[in-house]
Every structure is written in structure tokens, then in C-alpha cells.
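Excluded from the calculations below are hydrogen atoms, water molecules and symmetry mates; all remaining heavy atoms, backbone and side chain alike, are included. Keep in mind that what you see is a predicted model, and the values were worked out from it rather than measured.
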Amino acid sequence: MMDWTSPHDCSHPQRGRADGLTFLLEAARDMRATGAVAPSGRVLARLLTEPVRARAGQPLRVLEAGAGTGAVTRALIPQLPAGSRLDVVEANPRFAGRLRHLLHSDPRLAERAGQVHVYETRVERLRPDYRYDVIVSGLPFANFEPETVRTIMDRYLELLRPDGTLSYFAYHGTRPARSLLASRAAARRHRAVEEILAGYRRAYATGRWTAWQNLPPARVWHLRAPGLPATGRDERADAVPEVVGAVR
């Protein structure tokens, strides 16, 4: 049985160090877009991917947005049921390149690489001809403008099937530090983002968990939006998303 109490993937320490260094360099380059100084830990990855395990036994379409160096991707791929498809969206070109390399260099993932498609773009620009059973979001909402957060959340709901699940997280316990260190404008922006996310949680949340072992600790929410109107989009299994202004 896997031990999910460790905050980092210790089975491949060299890869873990490389991922951590890559993440740290990208955080130094653009902290607002990266949103953290370390990849997601194993406990957080397990909580985020639980909706995939809950639907085991049937082919799934899964979207991961903001995959970073692939900490959650590595947890997702082995859980995909036969016949499933995972679309990974990552706007950072260096992270996207690392994800493509990961699919073919990690022997545990290579045999499933045909089920995984990496798109170098923002999730707002993804135009699939189908909707997803599960969306896993790693985007740093706390660093975005409020209207950007609203646009992304609305897009997630559009991309979900009527009974689909959105899984996302936010770092826990960082609000006091933000209030002390951030400017007044940044503090107002962060409060506005929290209010927007709270509204979606009130409408759609089905559960909340905290990964205390993560660095920093993170809170995970699962949201479901039953009764979404059908869009009439093509649900063919071999359909490929159209991506606006992206590199695949």
C-alpha cells in the first residue's frame, strides 16, 4: 500500500530534486504565474485526484490545468481506466516541455503515454469537442485578477459534463502573511478572489479536505454542477480539442 503521508515523492529522489529546482527557478522568474516554490506533495495529489478513483471502471475524459512539473500528472496517469483520455494544459513553455519529456522518460508512465495529450496554452483557449468527467486544477487562483478567476471557473463549468467533478486547491494559512506583506491593492484583490471562489463553493461544493503535510499546507475542494444544459457538442471518442494560439 502506498504511503501518502509524505509531502514529497521520495521514490525517485533525483527526479524530485530536479522538479523542485525547476519549480523554484520558475517561481523566481514569475512567482505570480507559478504560485508556489515547490511542486504539489503526494497527499495533495491524492486528494486532487480522488474523483478519478471514485469513477474507476469506466473510460473517463480528464482535464488537468496548470500541471507544473507533473507532480499531480504522475498521480493521475496510473489511475486512468482503460480507454480514458487525459488532456494536460500548461501555459508555461518550460513546464510543458518537461511534461512531454516525463511521459516518455518515466517507464511507469510511458506505456500510458498514448492516453495523455499536453497542450501549451491557457485553459480558456482550449476548445474540445467533448466535455470532461473530471477537471483537476492546479492554477494559483490567489495570484490572479478576480475577473480572470471568474472566467476560468465559468470555463471549467462549461467544460464539465453534467455530473462531472472539479477538483482544485488553495494554500491554507497564508492569508495573515498576505495581509502583512501585500500592498492594500493586492490585499483587496485577494479578498475579491476569495469571495468569488466562495460563491462557487456555496453553489457547487461537495467536499473539502486539508493536506497538512503539503508545503505549504493546502485545502482541496471538490465541486460538482449537476443539471448543466447540454451543449450539443460532438462526443466522439476520437475527437481532438481545438486550441487557440497554442503549441501542442
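- Under the 3.5 Å distance criterion, the side-chain polar atoms of E111 are left unmatched by any main-chain donor or acceptor of P107.
- Between the side chain of N214 and the backbone N or O of G41, at least one donor-acceptor pair lies under 3.5 Å.
- Considering only heavy atoms from C-beta on, Y168 stays 4.5 Å or farther from V220 through its side chain.
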Task: V72 and V136: CA distance, side-chain angles, deciding distance, side-chain contact (heavy atoms from CB on, under 4.5 Å) verdict - done: CA-CA 9 Å; V72 176; V136 177; 4.0 Å; yes
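- Between L86 atom CG and I77 atom CD1 the span is 6.0 Å, to the nearest 0.5 Å.
- Of all non-hydrogen atoms in L102 and T69, the two that sit nearest each other are CD2-O, 4.2 Å.
- Taking the ring centre of Y130 as origin, the terminal cationic atom of R61 falls inside the region bounded by 6.0 Å and 45° from the ring axis.
- Every residue was checked against the ring pair (Phe, Tyr, Trp, His ring centres under 6.0 Å) condition with Y200, not counting sequence neighbours, and none meets it.
- Within the 4.5 Å cutoff, the side chain of R131 has no heavy atoms near those of the L160 side chain.
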TODO: Dump the intermediate steps for side-chain contact (heavy atoms from CB on, under 4.5 Å) on V89 and V118, then the final yes or no.
DONE: CA-CA 6 Å; V89 174; V118 178; over 6 Å; no
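- Distance check, rounded to the nearest 0.5 Å: CD of E147 to CG of D154 gives 9.5 Å.
- Formation of a donor-acceptor pair under 3.5 Å by the H222 side chain with backbone atoms of L47 is found in this model.
- Here the CG-CZ distance, from N143 to R189, works out to 6.0 Å after rounding to the nearest 0.5 Å.
- For the pair I152/F144, a side-chain contact is recorded, criterion being any heavy-atom separation below 4.5 Å from C-beta on.
- The main-chain N or O of E124 is found under 3.5 Å from a side-chain atom of R127 such that the two form a donor-acceptor pair.
- Atoms CZ and OG, on R55 and S84 in that order, are 11.5 Å from each other to the nearest 0.5 Å.
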Task: Residue pair E194, R191: steps toward the salt bridge (charged side-chain N to carboxylate O under 4.0 Å, His left out) verdict - done: CA-CA 5 Å; E194 278 296 303; R191 286 195 298 270; over 6 Å; no
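- The OG1 atom of T148 lies 8.5 Å from the CZ atom of R122; values are rounded to the nearest 0.5 Å.
- Residues E158 and R155 are paired through a salt bridge, judged by an N-O separation under 4.0 Å between the basic side chain and the carboxylate.
- Between D133 and L60 the shortest heavy-atom distance is OD2-CA, 3.4 Å.
- Listed here is the closest heavy atom pair of E64 and T73: OE1-OG1, 2.7 Å.
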Task: Evaluation steps, side-chain contact (heavy atoms from CB on, under 4.5 Å), between H117 and D87 - done: CA-CA 5 Å; H117 306 265; D87 291 339; 3.8 Å; yes
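- The backbone N or O of L80 lies less than 3.5 Å from a partner atom in the side chain of R112, making a donor-acceptor pair.
- Scanning all heavy atoms of the two residues, the minimum distance from S137 to F169 falls at O-CD2, 3.8 Å.
- In terms of heavy-atom proximity, E90 sits nearest to G66 at OE1-C, 3.5 Å.
- Between Q213 and R42, the closest side-chain pair of non-hydrogen atoms is not below 4.5 Å.
- In terms of modelled atom types and a separation under 3.5 Å, the side chain of S183 and the main chain of A186 share a donor-acceptor contact.
- W209 and W212 are assigned to two separate hydrophobic clusters, defined by single-linkage of ILVMFWY side chains at heavy-atom distances under 4.5 Å.
- Atom CG of residue L76 and atom CG of residue L48 lie 8.5 Å apart, to the nearest 0.5 angstrom.
- For the pair M153/I196, no side-chain contact is recorded, criterion being any heavy-atom separation below 4.5 Å from C-beta on.
- When atom types are taken as modelled, the side chain of Q115 and the backbone of R85 share no donor-acceptor pair closer than 3.5 angstrom.
- Between T49 and V134, the closest side-chain pair of non-hydrogen atoms is not below 4.5 Å.
- Looking only at side-chain heavy atoms (C-beta outward), W221 and L166 stay at 4.5 Å or farther from each other.
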- [ ] Show your working on side-chain contact (heavy atoms from CB on, under 4.5 Å) between L99 and V88 and close with a plain yes or no.
- [x] CA-CA 9 Å; L99 288 164; V88 180; 4.0 Å; yes
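- Contact record, Y132 with V62: CD2-C, 3.6 Å, taken as the closest heavy-atom pair.
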